[in-house]
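What follows is a short report on a single structure.
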Amino acid sequence: MLDRKMAESNLFSDVSLLITHYNRSSSLERLLQTLKDQQISFGEIIVSDDASQPLHLDYIKSLHNKFDFTLITTPVNKGLGNNINKGQAAVKTPYLLYIQEDFVPLPKFLGAFKDALQFMRERSELDIVRFYAYSSFPYLKPFQKGFSEMLYQPWYLETQKIYMYSDHPHLRRSTFAERFGTYTEGIKSDKTEYKMCVSFIQNNGKGLFYNDFSSLLSQENSSAEPSTVKRANWRQSSNPLVAMVRSVYRVFKYNYDLHVDTRFKRPR
């Protein structure tokens, strides 16, 4: 009886879980199993696959024996933008929890997720609630229950201000594409994310950020299923001169894209 009550209280029928996947079927299974172990369930689970190898696709199909989800595939690899777009288009619920397959929810996640969903239900101006990051968002205003409101400071020099939106795990409304457009396709994943960041700011997106951002989920990439994201060396270099040039470039580039090149601004 207790387990049944817990399962009912952890059923989020108005939320779709969207998982993007590419060649990491064991990681996908780990994510689904962790959610099942924590008795967290959703109105629907959508796995959007970006033309994984047959070995991985066959294994995903075998997972239907353990988990209830909808698999959406494509015959040709089309990149992260297309993978999110086709998954997002299949969502039938008011809210969407987005997680890539290499993340694992930690014990604290459930409570924070419940709070985030309640905030979204009560505050129509919220577009996104972020649960994970590599570093804190630079401009935050304390909100409630461990969350802060992300503030956009138009002319401040901190380049991380661009990441009010992030591809890291987050909750958003299923009308997100109507507000901010679909994801740009046919380009590298980091550029796809960047363009959505610009659109989010240009269209006055509002969101919350979990302060203890590394305590809700862990990102785990094994040697058998490593990260599939490849970035240019100059983006990662710790050389002081390269770092300085990179920082100056980003200040000018980001502010130009946000304030001058308004191609992503949509009529309201």
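Along the sequence shown, the residues carry numbers beginning at 1.
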Exercise for review: Answer with yes or no after comparing the ring centroid distance for Tyr254 and Tyr194 against a 6.0 Å cut-off, counting only values under it.
Suggested key: yes
Practice item. Determine, step by step, whether Tyr22 and His56 satisfy the side-chain contact (heavy atoms from CB on, under 4.5 Å) criterion, reporting the C-alpha distance in whole Å, the side-chain angles of both residues, the deciding distance to 0.1 Å, and the verdict. Key: CA-CA 8 Å; Tyr22 179 60; His56 289 281; over 6 Å; no
Review point. With distance as the sole criterion, is a donor-acceptor pair present between the side chains of Ser27 and Asp102 under 3.5 Å?
Key: no
Review point. Within a strict 4.5 Å, meaning less than it, do heavy atoms of the Phe67 and Val47 side chains meet?
Key: no
Check your understanding: Roughly how far, to the nearest 0.5 Å, is the CD atom of Gln38 from the CD atom of Gln33?
Key -> 10.5 Å
Point to revise | Distance-minimising heavy-atom pair for Ser148 and Pro142 | key: OG-CA, 3.6 Å
**Study point:** Test item: Asp50 and Lys78 side chains (from C-beta on) under 4.5 Å apart, heavy atoms
**Key:** yes
Check your understanding: Would you find a donor on one side and an acceptor on the other, under 3.5 Å apart, between the side chain of Thr20 and the backbone of Ile84?
Key -> no
Point to revise | Backbone of Gln53 reached by a side-chain donor or acceptor of Asn23 within 3.5 Å | key: yes
Point to revise | Min side-chain heavy-atom separation Thr159-Lys253 under 4.5 Å | key: no
Study note, to complete from the structure: Rounding to 0.5 Å, atoms NZ (Lys114) and CD1 (Ile40) come to a distance of 8.5 Å
Review point. So Phe176 and Met196, side-chain contact (heavy atoms from CB on, under 4.5 Å) or not? Walk me through it.
Key: CA-CA 11 Å; Phe176 191 85; Met196 184 53 72; 3.7 Å; yes
**Study point:** Check: Thr73/Asp49 side-chain N/O donor and acceptor closer than 3.5 Å
**Key:** no
Check your understanding: Closest heavy-atom contact between Gly81 and Glu185?
Key -> C-CG, 3.9 Å
Review point. Under the 4.5 Å side-chain heavy-atom rule for ILVMFWY, direct or indirect, which residues accompany Val260?
Key: Tyr256
Exercise for review: Indicate if Val104 and Leu28 have the same hydrophobic cluster label, given that clusters are the connected sets of ILVMFWY residues with side-chain heavy-atom separations under 4.5 angstrom.
Suggested key: no
Point to revise | Asp68: side chain to side chain contact (heavy atoms under 4.5 Å, CB included) partners, not counting sequence neighbours | key: none
Check your understanding: Side-chain heavy atoms under 4.5 angstrom apart, residues restricted to Ile, Leu, Val, Met, Phe, Trp, Tyr: same cluster for Leu31 and Leu71?
Key -> yes
Practice item. Look up atom OG1 in Thr192 and atom CG in Leu80, then write down how far apart they are to the nearest 0.5 Å. Key: 5.5 Å
Exercise for review: Decide yes or no for Tyr163 and Glu193: does some side-chain heavy atom of the first lie under 4.5 Å from some side-chain heavy atom of the second?
Suggested key: yes
Exercise for review: May I ask whether Leu106 and Leu32 are part of the same hydrophobic cluster, defined by side-chain heavy atoms of I, L, V, M, F, W, Y residues being less than 4.5 angstrom apart, directly or through others?
Suggested key: no
Practice item. Check Thr175, Val15, Val91, Leu17 against Leu96 for a side-chain contact (heavy atoms from CB on, under 4.5 Å) and give me the one that passes. Key: Val91
Review point. Which atoms form the tightest heavy-atom contact between Gly87 and Ser48, and what is the distance?
Key: N-OG, 3.7 Å
Revision key, fill the gap. Per side-chain contact (heavy atoms from CB on, under 4.5 Å), Ile45 is matched among Leu35, Ile19, Thr70 by Ile19
Practice item. Indicate whether any N or O donor in one side chain lies under 3.5 Å from an N or O acceptor in the other, for Gln39 and Asn10. Key: no
Review point. Any side-chain heavy atom of Ser199 within less than 4.5 Å of one from Tyr165?
Key: no
Exercise for review: Spell out, as yes or no, whether a donor-acceptor pair under 3.5 Å connects the side chain of Glu101 to the backbone of Arg24.
Suggested key: no
**Study point:** Positive for ring-ring contact (aromatic ring centres under 6.0 Å, His included) with His168, one of Phe213, Tyr132, Tyr98
**Key:** Tyr132
Check your understanding: Under a single-linkage definition using a 4.5 Å side-chain heavy-atom cutoff for Ile, Leu, Val, Met, Phe, Trp and Tyr, are Leu208 and Leu110 assigned to the same hydrophobic cluster?
Key -> yes
Practice item. Search all heavy atoms of Glu44 against all heavy atoms of Ala90 and return the closest pair with its distance. Key: OE2-O, 4.0 Å
Point to revise | Flag for Gln219-Tyr134: side-chain donor and acceptor within less than 3.5 Å | key: yes
Check your understanding: Counting only N and O atoms by type, is there a donor-acceptor contact under 3.5 Å from the side chain of Lys161 to the main-chain atoms of Pro154?
Key -> yes
Review point. Is the distance between the ring centroids of Tyr210 and Phe131 less than 6.0 Å?
Key: no
Exercise for review: Look at the side chain of Asn77 and the backbone N and O of Ala51, then say whether any donor-acceptor pair between them is shorter than 3.5 Å.
Suggested key: no
**Study point:** Pairwise distance CD(Gln100) to OG(Ser189) - rounded to 0.5 angstrom
**Key:** 8.0 Å
Exercise for review: Give me the one residue out of Phe119, Tyr95, Phe12 that meets side-chain contact (heavy atoms from CB on, under 4.5 Å) with Leu171.
Suggested key: Tyr95
Exercise for review: Would you confirm whether Asp58, through its side chain, and Ile60, through its main-chain N or O, come within 3.5 Å as a donor-acceptor pair?
Suggested key: no
Point to revise | Exam field: side chain Thr182 to backbone Asn85, donor-acceptor pair closer than 3.5 Å | key: no
Review point. Would Asp14 and Leu117 count as a side-chain contact (heavy atoms from CB on, under 4.5 Å) if you check the C-alpha gap in whole Å, the side-chain angles of each, and the deciding distance to 0.1 Å?
Key: CA-CA 10 Å; Asp14 56 349; Leu117 183 57; 4.0 Å; yes
Point to revise | Heavy-atom pair of closest approach, residues Thr184 and Lys195 | key: OG1-CD, 3.5 Å
Point to revise | Approximate separation, where rounding is to 0.5 Å, of Cys197 SG and Phe264 CZ | key: 10.5 Å
Practice item. Group every Ile, Leu, Val, Met, Phe, Trp and Tyr by side-chain heavy-atom contacts under 4.5 Å, then state whether Leu151 and Leu140 land in the same group. Key: yes
Practice item. Write down the atom of Leu11, the atom of Ser41, and the distance for their closest heavy-atom approach. Key: CD1-OG, 3.3 Å
Review point. Yes or no on side-chain contact (heavy atoms from CB on, under 4.5 Å) for Tyr139 and Phe137, after CA distance, side-chain angles and deciding distance?
Key: CA-CA 6 Å; Tyr139 309 116; Phe137 188 77; 4.3 Å; yes
Review point. Taking Asp127 as the fixed residue, which of Arg179, Lys206, Arg173 is the one that meets the salt bridge (charged side-chain N to carboxylate O under 4.0 Å, His left out) rule?
Key: Arg179
Exercise for review: Measure the spacing between CD of Gln88 and OG of Ser174 and express it to the nearest 0.5 Å.
Suggested key: 8.5 Å
